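Report on the following structure.
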Amino acid sequence: AAGAAGGARLPRALRADGLPPQALVDDTEDVSLDFGSEEELALRKARIRHPLATFFHLFFRVSAIVTYLFCDWFSNSFVACFVTILLLLSFDFWSVKNVTGRLLVGLRWWNQIDEDGKSHWVFEAKRVPTVAASTEAEARIFWLGLIICPVIWTMFFFSTLFSLKLKWLALVIAGISLQTANLYGYIHCKLGGPKTISRVTSRLFGTTDVPKSE
């Protein structure tokens with residue numbers, strides 16, 4: 001009986017939760033905590049890193065629409081209203097094309113004339129580390145402003161046409177043209193241009209040579 005008792009194997013020690021000690025080691029071997037990625041994701045979703053650019057991305061285009069709707073309340077001069085709205089549309093076109101698109105979504109487009117006098121459309125997408133990338137809030141504001149405002153100017157076109165206010169027609173067409181041009185350019189930057197259009201993707205928006213079409 002003593003020999004049998006001596007030959008019997010004793011059960012392994014158990015933890016308080018009933019699992020053997022080896023289970024504790026196995027449970028902790030593959031555990032990895034990455035708080036940095038979660039914090040970075042939260043910043044990308046909530047934080048606006050370029051508040052000034054975000055403000056002016058909407059300011060000029062919204063101001064042009066508001067001025068068009070209510071300019072008769074403040075001035076009886078058609079010329080003054082026309083010039084004011086056209087200036088706001090021009091400021092909007094320049095700022096969106098050259099500043100806010102680059103800062104808020106990392107995209108840029110332009111037209112370049114080569115030595116042979118040929119025109120090349122260039123669509124550029126910026127590739128940067130995630131830390132320096134734009135936030136989701138900024139990208140959402142950029143694309144909503146870029147899409148909704150041309151739709152509003154298109155509605156103005158039909159309302160002006162049906163109400164026979166033909167003196168405003170040229171201004172409305174200018175608004176549609178300027179804002180649709182930016183929308184067209186940034187859609188090609190985002191999705192890629194057609195094969196006949198030169199498309200350049202660079203890392204730091206440096207000076208790049210546009211390939212010549214043969």
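These numbers come from a predicted model, not from an experiment.
- Remark: Ser163 pairs with no residue by the side chain to side chain donor-acceptor pair (under 3.5 Å) rule, at least two apart or across chains.
- Considering only heavy atoms from C-beta on, Lys97 comes within 4.5 Å of Trp109 through its side chain.
- Between Gln179 and Phe93, the closest side-chain pair of non-hydrogen atoms is not below 4.5 Å.
- Closest approach of Leu169 and Leu161 over heavy atoms only: CD2-CD1, 4.3 Å.
- Leu103 approaches Ala53 most closely through the heavy-atom pair CD1-CB, 3.8 Å.
- The aromatic rings of Phe59 and Phe56 sit perpendicular to each other, their planes meeting at more than 60°, with 30° as the lower class boundary.
- Proximity of Leu69 to Phe156: side-chain heavy atoms (C-beta onward) are separated by under 4.5 Å at one or more points.
- Between Ser95 and Asp92 the shortest heavy-atom distance is OG-O, 3.1 Å.
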**Request:** Dump the intermediate steps for side chain to side chain contact (heavy atoms under 4.5 Å, CB included) on Trp168 and Ile85, then the final yes or no.
**Result:** CA-CA 11 Å; Trp168 293 99; Ile85 297 171; 4.2 Å; yes

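- Summarising the geometry of Leu86 relative to Ala174, their closest heavy-atom pair is CD1-CB, 4.2 Å, with the distance given to 0.1 Å.
- When each of Phe142, Trp110, Phe123 is paired with Tyr186, the ring-ring contact (aromatic ring centres under 6.0 Å, His included) condition holds for Phe142 and for no other.
- A donor-acceptor pair under 3.5 Å is formed between the side chain of Asn98 and the backbone N or O of Trp94.
- Environment of CZ in Phe91: sparse, with no more than 12 heavy atoms of neighbouring residues, nucleotides or ligands closer than 6.0 Å.
- Val66 and Met155 are assigned to two separate hydrophobic clusters, defined by single-linkage of ILVMFWY side chains at heavy-atom distances under 4.5 Å.
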**Chi angles and distances behind the side chain to side chain contact (heavy atoms under 4.5 Å, CB included) call for Leu107, Lys190** = CA-CA 7 Å; Leu107 303 174; Lys190 185 69 174 179; 4.3 Å; yes

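- Within the structure, side-chain hydrogen bond (donor to acceptor under 3.5 Å, both in side chains) pairs that include any residue of residues 63-83 comprise Tyr68-Thr160 (at least two apart or interchain).
- Taking every heavy atom of both residues into account, Gly145 and Leu58 meet most closely at CA-CD2, 4.0 Å.
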**Message:** Apply side chain to side chain contact (heavy atoms under 4.5 Å, CB included) to residues Val122 and Asn111 and explain how you reach the verdict.
**Reply:** CA-CA 6 Å; Val122 182; Asn111 180 268; over 6 Å; no

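- Residues His50 and Thr135 form no side-chain contact, since every pair of their non-hydrogen atoms from C-beta on lies 4.5 Å or further apart.
- Considering all non-hydrogen atoms of both residues, Gly175 and Leu89 come closest at CA-CD1, 3.5 Å.
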